There are 2 protein chains.
Amino acid sequence: MSFLAKRFTKPGAGQHFLATTVRQMSLVAKVLRYGEFGEPAKVLRLQEEPVPEPKDGEVLIRTLGAPINPADINTIQGKYPVKPSFPAVGGNECVGEVVAIGGGGSGGTSLKVGDRVVPFATGLGTWRSHAIYSAGQLMKVPAGIGVAEAATITVNPCTGYRMLKDFVSLKPGDTVIQNGANSACGQAIIQLCRAWNIECVGVVRDRPDFGQLKDYLKSLGAAEILTEEELRTTKLFRDGIFRKPKLALNCVGGKNALEMSRQLDQAGVMVTYGGMSREPVTVPTASLIFKDLRFVGFWMTRWTKENAASPARAEMFNELFGLIDRGALKAPAHEMIAFDQYISAVTNALNIQGFVGKKYIFNF
Amino acid sequence: MSFLAKRFTKPGAGQHFLATTVRQMSLVAKVLRYGEFGEPAKVLRLQEEPVPEPKDGEVLIRTLGAPINPADINTIQGKYPVKPSFPAVGGNECVGEVVAIGGGGSGGTSLKVGDRVVPFATGLGTWRSHAIYSAGQLMKVPAGIGVAEAATITVNPCTGYRMLKDFVSLKPGDTVIQNGANSACGQAIIQLCRAWNIECVGVVRDRPDFGQLKDYLKSLGAAEILTEEELRTTKLFRDGIFRKPKLALNCVGGKNALEMSRQLDQAGVMVTYGGMSREPVTVPTASLIFKDLRFVGFWMTRWTKENAASPARAEMFNELFGLIDRGALKAPAHEMIAFDQYISAVTNALNIQGFVGKKYIFNF
């Protein structure tokens with residue numbers, strides 16, 4: 001933590017004093033920008049620039065943590081449907097601390113200096129040490145929520161939450177099956193299922209450390225963890241150890257998704273939210289017609305846009321914050337990495353088994 | 001038409017007289033039965049048997065027409081999810097004329113001798129010259145509905161009707177795309193779309209007589225007919241000639257279904273009700289996540305079971321009968337074939353380009 005940062009988090013510092021201080025001290029922000037699509041390690045540039053004073057209705061935050069998500073990499077590569085205008089700032093999630101409020105807070109925001117906030121909007125560009133956002137683009141995070149949990153709450157736990165809530169009606173004792181169970185989203189799904197008394201059966205690729213991974217995911221609350229090969233021959237559902245899944249959550253595609261669909265109960269739903277295998281979802285005709293399976297997709301970015309002002313959104317965050325607060329929802333396995341080490345971070349993020357496993361979170 | 005049949009349709013013949021006459025004259029029914037699964041031409045046996053007198057609550061009908069549907073062939077082959085108990089009677093649709101009512105009609109049915117009826121239940125086994133059904137298993141067909149239209153109303157027009165009504169909200173001017181547009185169901189869908197002012201774009205396999213087929217389907221009301229190859233490069237939707245389809249109806253699968261899904265509008269739905277290509281539906285991950293496409297199936301048999309007593313069912317038949325009555329819905333291209341010629345009929349039904357084209361309807 002830099003000297004400047006320490007100054008700005010000093011307890012009791014007044015808003016107006018801080019806004020003035022920012023200007024006076026010529027606060028320098030580090031920003032990770034790109035001006036063209038390409039491999040992140042090649043196109044990203046770490047730039048330094050003075051932080052302007054926040055205007056009325058704006059809030060200056062100091063970033064405490066900002067993760068590297070698969071979608072962030074894909075966006076920089078130009079492979080994501082969301083195309084930023086250049087120059088663009090990488091990243092889509094963060095947690096920050098309010099260090100100044102423009103116009104002395106006359107803009108009507110209830111945010112206060114010292115509050116922890118996360119973006120309540122997508123595409124803000126969060127890979128920067130400091131940022132000025134509109135107050136309406138930020139949501140206050142309750143005290144007691146850790147940096148890693150807050151920095152990663154708006155994408156994966158929300159994705160898992162919505163997929164578990166919006167497609168089928170799940171009752172305690174019902175089963176959900178998911179592949180990529182060790183992904184960041186998979187880890188959130190396991191924990192949400194545990195909190196709601198839903199049996200979550202996870203599927204992961206076979207690997208040398210499968211036993212260790214299985215133990216870890218079961219410690220999060222998974223009812224069972226299967227390799228892709230075990231999935232093909234499992235009798236867990238046939239023999240009634242678990243109810244046949246009403247819901248399958250798919251971030252892999254290809255044969256793995258097909259095998260999951262075979263385990264689905266009559267009228268079950270497969271929700272696709274990723275495609276790590278880069279293979280499409282194959283749907284046998286009979287499973288559509290006679291088994292009445294439904295295949296749909298979910299994209300958190302769309303949900304957020306369509307529900308920006310919906311009470312469902314506040315309700316979701318309240319429930320997630322509550323779960324985090326009582327220790328029922330932890331951040332995914334992660335490693336904090338210094339912002340300056342961004343080249344190593346974005347390069348390794350691409351190489352960690354297609355994002356299955358550890359998540360990098362920048363600290364500043 | 002046999003001498004006996006003529007006697008029983010004599011206008012003004014009283015119910016009790018007829019019931020008595022049936023018994024006295026030892027009416028002989030011809031029934032097409034099978035006692036094992038296999039190729040229809042091999043396992044079907046045409047049997048003759050005396051027709052018993054209908055009991056109270058039962059109705060004796062003389063069959064006027066009974067079609068050969070793909071599902072009938074698949075059922076006999078043992079390839080259909082509905083498995084009859086043996087010995088079974090083939091067929092699932094027909095139109096018949098009431099020739100006697102058990103107990104003199106004291107069972108409370110409103111049916112009368114001379115009424116035309118269709119089965120209001122599935123799996124009755126309709127390939128027989130005469131049948132006794134419970135009155136509740138029959139639905140009266142309004143006068144003026146032709147034999148071919150009535151004999152084929154419960155499967156294909158109902159399938160088309162439900163698929164157009166139950167998955168997306170279609171407004172006049174909206175577009176529906178369908179493959180297998182020349183199938184019996186496809187022909188019904190084209191006519192329903194015309195009646196409801198929906199643009200129906202049909203896809204068929206290329207063939208020597210494509211021009212003739214296209215003219216025929218356009219005469220039914222198709223907005224446009226494309227070959228599979230034309231579908232791949234069509235600019236009809238890109239250039240705004242038609243609105244992008246909200247709904248795709250798929251009875252083919254494979255590449256054809258994939259190409260249709262590419263033409264679907266954002267949040268469009270593909271309903272699969274057949275798989276003539278015997279290839280599964282391939283769903284690109286991005287079309288699920290970012291384009292929000294949904295892939296579902298439809299099975300008329302299930303709908304009928306789930307909605308046996310629903311007002312939606314009577315409403316559907318009333319609307320379909322009304323359309324037939326005013327000439328807006330005609331039977332699919334068909335050929336009446338004598339019941340005795342069943343071997344030729346079931347053999348050719350399998351060979352007519354996978355059921356695309358002409359439908360056989362038994363007459364008796």
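Everything numeric here is computed off the predicted structure, so don't read it as measured data. Just so it is clear, the values below take in all heavy atoms, side chains as well, and ignore hydrogens, waters and symmetry mates. Order of the sequence lines fixes the chain letters, A, B, ..., with proteins taken first and strands second; residue numbering starts at 1 for each chain.
The most heavy-atom pairs under 4.5 Å with chain A, out of B:G274, B:G275, B:P81, come from B:P81.
Crowding of A:K235 atom NZ: a count of heavy atoms from other residues, nucleotides or ligands under 6.0 Å not exceeding 12. More than 12 heavy-atom neighbours from other residues, nucleotides or ligands sit within 6.0 angstrom of NZ on B:K165. Within a 6.0 Å radius of NZ in B:K291, other residues, nucleotides and ligands contribute more than 12 heavy atoms.
Using a 4.5 Å cut-off between non-hydrogen atoms, the part of residues 279-287 of chain A that approaches chain B consists of A:E279, A:P280, A:V281, A:T282, A:V283, A:P284, A:T285. Within residues 292-300 of chain B, the residues that have a heavy atom under 4.5 Å from a heavy atom of chain A are B:D292, B:L293, B:R294, B:F295, B:V296, B:G297, B:F298, B:W299, listed by number.
Here A:E259 pairs with A:R262 under the salt bridge (Lys or Arg N to Asp or Glu O under 4.0 Å) rule; sequence neighbours left out. Under the salt bridge (Lys or Arg N to Asp or Glu O under 4.0 Å) criterion, B:K246 pairs with B:D174, sequence neighbours left out.
Here CD of B:Q266 is found 6.0 Å from CZ of A:R302. Values are rounded to the nearest 0.5 Å.
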